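Remarks on the structure that follows.
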Amino acid sequence: MKFYITEKNIGDDITRSQAEKVIEMLKEKGWDVAYGMKKNKPTDISEFGQEDKIYQSFADDFMTCIAQLEG
């Protein structure tokens with residue numbers, strides 16, 4: 001699954017540099033993430049029908065990365 005993130009996805013006072021740091025942290029966790037405002041999309045046929053499960057796992061890691069950014 002390909003995910004796209006910008007400052008707006010993280011918070012009001014976030015810089016592009018901080019958004020890029022979150023992207024790097026997510027990549028280290030194995031996620032396919034890029035900077036941008038595109039729609040998140042499945043990249044493999046095995047992901048079809050699994051989007052909700054994948055989104056939930058991604059959201060958990062995303063929130064963990066944001067917490068680390070703030071800490």
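Remember, predicted model here, so these are calculated numbers, not experimental data. Any value given below was found using the heavy atoms of this structure, including those in side chains, with hydrogens, waters and symmetry copies removed.
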Check whether any side-chain heavy atom of Gln18 lies under 4.5 Å from a side-chain heavy atom of Ile10, and answer yes or no. no

So if you build clusters from Ile, Leu, Val, Met, Phe, Trp, Tyr with side-chain heavy-atom gaps below 4.5 Å, do Tyr4 and Leu69 land together? no

Heavy atoms of Ile5 and Ile23 approach each other most closely as O-CD1, 3.9 Å

Looking only at non-hydrogen atoms, find the nearest pair between Cys65 and Met25 and report the distance. O-CE, 3.4 Å

Under 3.5 Å: donor-acceptor pair, side chain of Asp61, backbone of Phe58: no

Interatomic distance, Glu51 atom CD to Lys41 atom NZ [nearest 0.5 angstrom]: 13.5 Å

Would you give the length of the straight line joining atom CD1 of Ile66 to atom NZ of Lys21, rounded to the nearest 0.5 angstrom? 14.0 Å

Heavy-atom neighbours of Asp52 CG exceed 12 at 6.0 Å: no

Same hydrophobic cluster for Met37 and Ile14, using side-chain heavy-atom links shorter than 4.5 Å among ILVMFWY? no

Looking at OG of Ser57 and CD of Gln50, how far apart are the two atoms once the value is rounded to the nearest 0.5 Å? 10.5 Å

Separation of Met1 CE from Asp32 CG (nearest 0.5 Å): 10.5 Å

Report yes if some heavy atom in the side chain of Phe62 is under 4.5 Å from a heavy atom in the side chain of Val33; otherwise report no. no

Is the NZ atom of Lys2 crowded by more than 12 outside heavy atoms at less than 6.0 Å? yes

